[in-house]
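One structure is given below, encoded as structure tokens.
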Amino acid sequence: MERKHVAALLAYADRLDPTRAPTTEAAAAERFEQWADLLSDVAPTAPHPEGRHWDASQAVRRHIATSPYPIKPSDVSRPWHDFRRDILSRHVDPAPDVDPDDEAAYRAALTATRHAIETGQAVAQPRTALPAGTREEREAADAEHLAQLGGYIPRNIDQALAAHRPVKAERRRLVVAGQPDPYTVPCPWGACRASAGQRCQTAGRPRVNFHHARIDAARAGAAA
């Protein structure tokens with residue numbers, strides 16, 4: 001929260017409860033510096049994936065309306081940290097728009113996304129709901145997807161061959177995990193752009209797995 005936000009928040013509190021406003025300029029300045037320090041990591045407003053947005057002024061209003069005690073910075077920061085924990089618990093890190101083979105850049109992008117969510121600059125990406133239908137229906141759908149990847153092979157033999165067929169093994173792993181087949185969509189990653197039915201590439205070399213952006217695209221296509 002910037003100092004201008006703190007000033008506006010204190011002015012709002014004094015308007016709601018003028019009897020507790022500082023009576024001298026020195027006391028007002030001391031209170032302001034204390035609040036500015038303790039609320040520096042609190043967002044003035046922040047979105048929530050389910051629409052229950054955060055607004056620091058509402059925390060102030062709620063306290064003054066329900067508590068007989070003077071408001072303190074912790075009466076704003078405590079509900080903010082509860083709100084932040086809630087949105088982070090619902091968040092699933094999306095694949096950053098960077099080369100996943102560049103581990104440092106990939107981690108930095110994930111960190112930046114989480115910081116943006118924590119400071120109210122971005123909306124958390126909610127977890128994907130389980131597929132619809134009964135367990136039997138989901139298992140039947142999985143079997144259909146697996147059939148599209150090839151005929152029946154005994155599991156022990158299939159596992160033994162997996163090392164020699166890494167792409168098919170990866171497709172099968174995703175299907176068994178309930179994920180759509182990435183081969184059905186082109187890769188949107190700018191450095192790859194593999195067409196549907198083709199393997200992802202890194203620096204012109206075919207990959208045995210898929211870029212996260214392509215997996216996300218397949219998931220989005222299946223949910224559409």
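Residues: numbered from 1 along the sequence shown. Given the structure is predicted, the values throughout are model-derived calculations rather than measurements.
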| request: For the residue pair F210 and R199, establish whether any side-chain heavy-atom pair is separated by less than 4.5 Å. | output: no
| said: Rounded to the nearest 0.5 Å, what separates atom NZ in K72 from atom CG in L38? | reply: 11.5 Å
| For the student: nearest non-hydrogen atoms of R193 and P188, plus distance | NH1-O, 3.1 Å
| message | Closer than 3.5 angstrom, by distance alone: can the side chain of R214 be matched with the main-chain N or O of W189 as a donor-acceptor pair? | response | no
| query | Can you name the nearest heavy-atom pair linking N209 to C200, along with the distance? | reply | O-CB, 4.0 Å
| query | Is there a side-chain contact between W35 and V76 (heavy atoms, below 4.5 Å)? | reply | yes
| remark: To the nearest 0.5 Å, atom OH of Y69 lies from atom CZ of R20 at 10.0 Å
| request: Applying side chain to side chain donor-acceptor pair (under 3.5 Å), name anything that partners T202, two or more places apart in sequence or on another chain. | output: D101, R207
| query | What closest approach, in Å, do I71 and V60 show between heavy atoms, and which atom pair accounts for it? | reply | CD1-CA, 3.7 Å
| Is there a side chain to side chain contact (heavy atoms under 4.5 Å, CB included) between D41 and H81 once you walk through the steps? | CA-CA 9 Å; D41 62 344; H81 290 300; 3.6 Å; yes
| query | Is the gap between the ring centers of F83 and W80 under 6.0 Å? | reply | yes
| Under 3.5 Å: donor-acceptor pair, side chain of D37, backbone of Q34 | no
| field | S195 side chain to Q198 backbone, donor-acceptor under 3.5 Å | value | no
| Sub-4.5 Å side-chain heavy-atom contact between R61 and L16 | yes
| Heavy-atom closest contact (H63 atom, P70 atom, distance) | NE2-O, 3.6 Å
| task | Could you pull out the closest heavy-atom pair between A59 and P79, with the gap in Å? | result | CB-CG, 4.3 Å
| query | Hey, what do you get for CG (L9) to CE (M1), rounding to the nearest 0.5 Å? | reply | 5.5 Å
| task | With the side chain counted from C-beta on, respond yes when E33 and R3 share a heavy-atom pair under 4.5 Å apart, and no when they do not. | result | yes
| said: Suppose the criterion is salt bridge (charged side-chain N to carboxylate O under 4.0 Å, His left out): which pairs have a residue in residues 4-14, not counting sequence neighbours? | reply: E2-K4, D14-R31
| Do you know the tightest heavy-atom contact between V42 and W54? | CG1-CZ2, 4.1 Å
| message | Could you check whether any side-chain N or O of T66 sits under 3.5 Å from a backbone N or O of R62, counting only pairs where one atom can act as donor and the other as acceptor? | response | yes
| Do other residues, nucleotides or ligands put more than 12 heavy atoms under 6.0 Å from E30 CD? | no
